[in-house]
Amino acid sequence: MNPDFSNPALHSEGQYIGGRWLPGGGIPVTNPSTGAVLAEVPDAPVEVGLAAVEAAAAAAAGWRATPPRQRSEILRRWWALMTERAEELAVLISLENGKALADARGEVAYAAEFFRWYAEEATRIPGEFRTAPSGAHRILVDHEPIGVSLLITPWNFPAAMATRKIGPALAAGCTVILKPASETPLTAFAMARLGEEAGVPPGVVNVLTTSQPGAVVSAILADPRVRKLSFTGSTPVGRLLLAEAAKSVVSCSMELGGNAPFLVFDDADLPAALDGAMVAKMRNAGEACTAANRFYVQDGIHDAFVAGLTERMAALRVGAGTDPATQCGPMITAKAVAKIEGLVADAVARGARVRTGGAALDGAGNFYAPTVLDNVLASAAMAREEIFGPVAAVYRFSDEAEAIRLANDTEYGLAAYVYTSDLQRAFRVGRALESGMVALNRGLMSDPAAPFGGAKQSGLGREGGTTGILEFMEAKYYAVDI
Ligand code: NAP
């Protein structure tokens, strides 16, 4: 009989290096819904990081030479195993991250889909063949696996942020070292077990946890065999890592922070805009890089939108992620709650009104009440910083030009949402928005088949879609005399 995958103890047995589980402890993993310690995972020193590079480098030639069809079939089996174990994985994610089970189930399906999508892409790696404009020779472009890749992921999507990197890396023929966030490592180890079962050869995927990410990551990046850093996390850490990677000129893909505007024009379908607002704001209790951070609502629809949003937010059931009735789980840490409290206090001090919520909830877990603020001013700190919690901040605007100016008034440029029934306006505004992704009359944009990523200080490169695999490949040009 298969062990129960939702059991945290099963996934705290060791680092996964070169196909072996190296035991250890030192990093407690807690349940944000209760504060209870779920398990302890190993704390890698620099030497374990270097052992992971050895293992990934030793496996590189074999994996690169593995036919694309075979790589594809392994990824496909990994997708099937994740799908078979979906409920257990969802419970595990909900335990260590706190997100509501419905969100966790959605994440597992989304995460597994990266393996199925890249199983398909593995067999369709593109190349090019052209005649040089001068006619002197032919231009042939091949794509080769870039090499050993370091993957660093955040805690808010413990499964999906890992598969969004592992899928294209393995499809491209690269071997990887995954360093998951310290708050949510259990899901990463659980997926490594499924990878073993799917037939991923030893050393192709290595997973380690550490309490000194700076030192371990610097040592890994300094090894000349490591040719790729794919990072998802905050913009400040992304900046640090870009500087670190520059020392050995390592190729970087960066999926960083967001500050998504959500524009509602007078001509929007109000119930649809409210449905979309709830998804864009409350998926993962607001702990998403694509979360709507700033609601800009036009004068004519403003009051009805605020009333509708307040009613929906106030009706949400807050509770432990694993309680099936929960619609809004806890924040990841007490520190995250304190940050939200500070942002709300600052906005209120500048004249914002609390329509519902507005405070942390008593009790053992890290809970914050679903909150709606209106009359928020552009000077509020939350207009510039990620709230990363269940707080909807509503600002007012009068015309299209003002909406675009306010939406773009940020260093971030990941996602934006636009609600209007005027098709011309939708694309006119979409083109003017400085963001990598725009959802038109939709509250959800993430799709493994689409290029996900940001402009400005939200990142570099794209994950997913047909281009995601090229982030793990190097173009090689042959000048051919034929
Ligand atoms: P974070 O603090 O930047 O951490 C992300 C990862 O980086 C974790 O694994 C962390 O390890 C590691 N890390 C931290 N400091 C490091 C250092 N000095 N050197 C090397 N690695 C280091 O971000 P987070 O709080 O986990 O995640 C939330 C952020 O991620 C938000 O800003 C969100 O917008 C962003 N995000 C972006 C996307 C996207 O696709 N654009 C998707 C999801 C989340 P430890 O856990 O051990 O500290």
Side-chain angles (χ1 to χ4, degrees), residues 26-30 32 41-44 46 49 96-97 99 107 110-111 114 150-165 177-185 187-188 207-222 229-245 250 252-260 283-284 286-293 331-333 335-336 339 385-389 410-415 435-437 445-448 450-464 468 471:
I27 303 181
V29 183
T30 54
V41 294
D43 185 356
V46 165
E96 66 174 349
N97 168 280
K99 68 178 69 178
E107 180 182 347
Y110 173 54
F114 283 103
L150 173 61
L151 318 177
I152 304 179
T153 52
W155 48 263
N156 65 337
F157 287 92
M161 297 303 94
T163 59
R164 200 163 77 173
K165 299 181 188 306
I177 301 158
L178 170 67
K179 195 216 84 62
S182 303
E183 289 91 349
T184 57
T187 305
V207 185
L208 63 82
T209 41
T210 178
S211 66
Q212 2 162 14
V216 172
V217 163
S218 297
I220 292 175
L221 289 176
L229 169 62
S230 178
F231 172 77
T232 298
S234 62
T235 296
V237 174
R239 286 190 195 109
L240 279 178
L241 291 176
L242 279 168
E244 203 54 38
V250 170
C252 289
S253 298
M254 293 272 149
E255 295 288 349
L256 308 178
N259 182 8
R283 180 168 168 238
N284 275 356
E287 294 178 315
C289 52
T290 51
N293 210 51
M331 303 296 94
I332 189 74
T333 55
K335 195 170 151 210
K339 181 181 175 196
E385 292 178 34
E386 283 186 293
I387 302 170
F388 239 60
T410 170
E411 66 186 20
Y412 294 105
L414 186 63
S435 68
M437 301 178 285
M445 58 185 61
S446 303
D447 188 321
F452 188 105
K456 292 157 81 174
Q457 297 194 34
S458 285
L460 300 169
R462 295 292 181 268
E463 291 189 322
E471 302 273 327

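Start at 1 and go down the list; that is how both ligands and their atoms are numbered.
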Can you find a heavy atom in the side chain of [X] that is under 4.5 Å from one in the side chain of [Y]?
| X | Y | result |
| --- | --- | --- |
| Glu385 | Asn259 | no |
| Arg239 | Leu256 | no |
| Leu229 | Ile152 | yes |
| Cys252 | Phe231 | no |
| Thr290 | Met437 | yes |

Check each atom of ligand 1 against the heavy atoms of [X] and keep those under 4.0 Å away; list them by number with element.
| X | value |
| --- | --- |
| Leu414 | 41 (N) |
| Ser182 | 45 (P), 46 (O), 47 (O) |
| Ile152 | 6 (C), 7 (O), 9 (O), 12 (C) |
| Cys289 | 33 (C), 34 (O), 36 (N), 37 (C), 38 (C), 39 (C), 40 (O), 41 (N), 42 (C), 43 (C), 44 (C) |
| Phe452 | 39 (C), 40 (O) |
| Leu241 | 19 (N), 20 (C) |
| Met161 | 42 (C), 43 (C) |
| Val217 | 20 (C) |

Record the part of [X] in heavy-atom contact with ligand 1 below 4.0 Å; permitted values are side chain, backbone, both and neither.
| X | result |
| --- | --- |
| Arg164 | side chain |
| Glu386 | side chain |
| Thr290 | neither |
| Phe388 | side chain |
| Asn156 | side chain |
| Pro180 | backbone |

Tell me: protein heavy atom nearest [atom], and distance?
| atom | value |
| --- | --- |
| atom 21 (N) of ligand 1 | Pro213 CB, 3.6 Å |
| atom 24 (P) of ligand 1 | Trp155 NE1, 3.3 Å |
| atom 27 (O) of ligand 1 | Pro154 CB, 3.3 Å |
| atom 7 (O) of ligand 1 | Phe231 CE1, 3.3 Å |
| atom 9 (O) of ligand 1 | Thr153 O, 2.8 Å |
| atom 1 (P) of ligand 1 | Ser234 OG, 3.6 Å |
| atom 18 (N) of ligand 1 | Gly214 CA, 3.9 Å |
| atom 11 (O) of ligand 1 | Lys179 NZ, 3.0 Å |

Restricting to non-hydrogen atoms, name the atom on [X] and the atom on [Y] that form the minimum distance, rounded to 0.1 Å.
| X | Y | result |
| --- | --- | --- |
| Pro32 | Met331 | CB-O, 3.4 Å |
| Ser446 | Phe452 | OG-CE1, 3.6 Å |
| Ala188 | Leu178 | CB-CD2, 4.0 Å |
| Pro180 | Thr209 | CG-CG2, 4.0 Å |

Glu287 to ligand 1, any heavy atom closer than 4.0 Å: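 Checking ligand 1 against Glu287, which is what was asked, there is no heavy-atom contact under 4.0 Å.
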
If we only count N/O pairs under 3.5 Å, is Thr235 in contact with ligand 1?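 It does not: no N or O of Thr235 is found under 3.5 Å from an N or O of ligand 1.
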
Does a salt bridge link Arg462 with Glu471, judged by any charged N lying under 4.0 Å from a carboxylate O?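 Not counted as a salt bridge, because no side-chain N and carboxylate O are separated by less than 4.0 Å.
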
Looking at Lys456 and Glu411, is any side-chain nitrogen of the basic one under 4.0 Å from a carboxylate oxygen of the acidic one?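 No salt bridge links Glu411 with Lys456.
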
Is atom 34 (O) of ligand 1 in close reach of the protein, with a heavy atom under 4.0 Å away?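 At least one protein heavy atom is under 4.0 Å away.
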
Does NZ or CZ of Lys99 lie under 6.0 Å from the centre of the six-membered ring of Phe157, at an angle within 45° of the ring axis?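 Flagged: Lys99 positioned over aromatic ring of Phe157.
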
Assess the side chains of Ser211 and Asp43: does a donor N or O sit below 3.5 Å from an acceptor N or O?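 Yes, a side-chain donor-acceptor pair sits under 3.5 Å.
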
Donor + acceptor pair across side chains of Glu244, Ser218 (<3.5 Å):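 Distance-only check passes for Glu244 and Ser218.
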
I'd like to know if the side chain of Thr210 reaches the main chain of Ala44, judged simply by a donor and an acceptor atom lying under 3.5 Å from each other, with no hydrogens or angles considered.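 Yes, because the side chain of Thr210 sits within donor-acceptor range (under 3.5 Å) of the backbone of Ala44.
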
Just to be sure I'm reading this right: ignoring hydrogens, which of Leu229, Ile332, Val237, Ile27 gets closest to atom 13 (N) of ligand 1? Compare them by their nearest heavy atoms.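 Nearest heavy atom to atom 13 (N) of ligand 1 lies in Val237.
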
